[in-house]
Amino acid sequence: MTFQIRHLSAADYPLVISAIDHWWGSRPMADKLPRLFFEHFADTSFAAERDGRLAGFLAGFISQSRPGEAYIHFVGVDPAQRGGGLGRLLYEAFFRAAQARGCTLVRAVTAPVNRASVAFHERMGFQLEPGDAEVDGIPVSSGYDGPGSDRVCFLRILRGP
Ligand SMILES: CC(C)(COP(=O)(O)OP(=O)(O)OC[C@H]1O[C@@H](n2cnc3c(N)ncnc32)[C@H](O)[C@@H]1OP(=O)(O)O)[C@@H](O)C(=O)NCCC(=O)NCCS
């Protein structure tokens, strides 16, 4: 059984919000994914289903301020569905949507504690941007998202078809 990828919609919001704290290993994440992503960024956000059940999602958008840039805010895969290529499928769907809108560059950030996310982004072809500090050899931007909220910043060039 394969995954069905479709655009995210406002109808997905309650289900995604109820799942993500668990999907992020009990970190409180729900308030970092407001409903506006489901309402206003549906064209560049995706849900994946398997057997009619939500298996993963991606929330991303095209930058209004930086022409040619796109940004992935959140990606999550049900722990029971990990390791089977779904994260890659969701990223590839986003890359296509961003390229179709003229983007040549994708950015994302993650918390330094999230080593799985760092490894995943490296496998997806992202470079780690230089930071002002290092944690276990990983460049970190201190206070990027406010005091105490350091981030690892990623960058990926989108090549032509
Ligand atoms: C990160 C996440 C989305 C990956 O989803 P996934 O479906 O398991 O990823 P895939 O199976 O598509 O893996 C894609 C590549 O990343 C690699 N990868 C994925 N998770 C990895 C991990 N924990 N450690 C090392 N490599 C990993 C895979 O080996 C694969 O590499 P390959 O295609 O070159 O063989 C998933 O683990 C998740 O939802 N984590 C919790 C939420 C989160 O942290 N999101 C990211 C920050 S917003």
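Counting convention: from 1, in listed order, for ligands and their atoms alike.
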- Task: With rounding to the nearest 0.5 Å, note down the distance linking CG in Asp145 to CZ in Arg151.
- Result: 4.5 Å
- Note on the structure: Looking only at protein heavy atoms, what sits closest to atom 26 (N) of ligand 1 is Ala119 CB, 3.7 Å
- Check whether any side-chain heavy atom of Glu122 lies under 4.5 Å from a side-chain heavy atom of Leu128, and answer yes or no. yes
- Which of the atoms of ligand 1 are close to Trp23, meaning less than 4.0 Å from one of its heavy atoms? 41 (C)
- Message: Tell me whether Asp12 is salt-bridged to Arg6, with the criterion being a basic N under 4.0 Å from an acidic carboxylate O.
- Response: yes
- Task: Name the closest protein heavy atom to atom 18 (N) of ligand 1, giving the residue it belongs to and the distance to 0.1 Å.
- Result: Phe120 CA, 4.2 Å
- Is any N or O atom of Gln81, backbone or side chain, closer than 3.5 Å to an N or O atom of ligand 1? no
- Task: Classify the contact between Ser117 and ligand 1 as side chain, backbone, both or neither, using a heavy-atom distance cut-off of under 4.0 Å.
- Result: side chain
- Message: Is the shortest side-chain heavy-atom distance between Phe57 and Ile20 below 4.5 Å?
- Response: yes
- Message: Strictly less than 4.0 Å: does any protein heavy-atom distance to atom 48 (S) of ligand 1 fall in that range?
- Response: yes
- Note on the structure: With heavy atoms and a 4.0 Å threshold, my read on which part of Val77 contacts ligand 1 is both
- Message: Could you check whether Asp136 pairs with Arg115 (Lys NZ or Arg NE/NH1/NH2 to Asp/Glu carboxylate O, under 4.0 Å)?
- Response: yes
- Is the centre of the Phe37 ring less than 6.0 Å from the centre of the His73 ring? yes
- Message: Quick check: Ala116 and ligand 1, any N/O pair under 3.5 Å apart?
- Response: no
- Should Gly76 be counted as touching ligand 1, given the test is an N or O pair under 3.5 Å? no
- Is there a protein heavy atom at a distance of less than 4.0 Å from atom 42 (C) of ligand 1? yes
- Under 3.5 Å: N/O of Phe74 near N/O of ligand 1: no
- Under 4.0 Å from atom 2 (C) of ligand 1, is there any protein heavy atom? no
- Restricting to heavy atoms, the pick from Ala55, Gly87, Gly25 nearest atom 7 (O) of ligand 1 would be Gly87
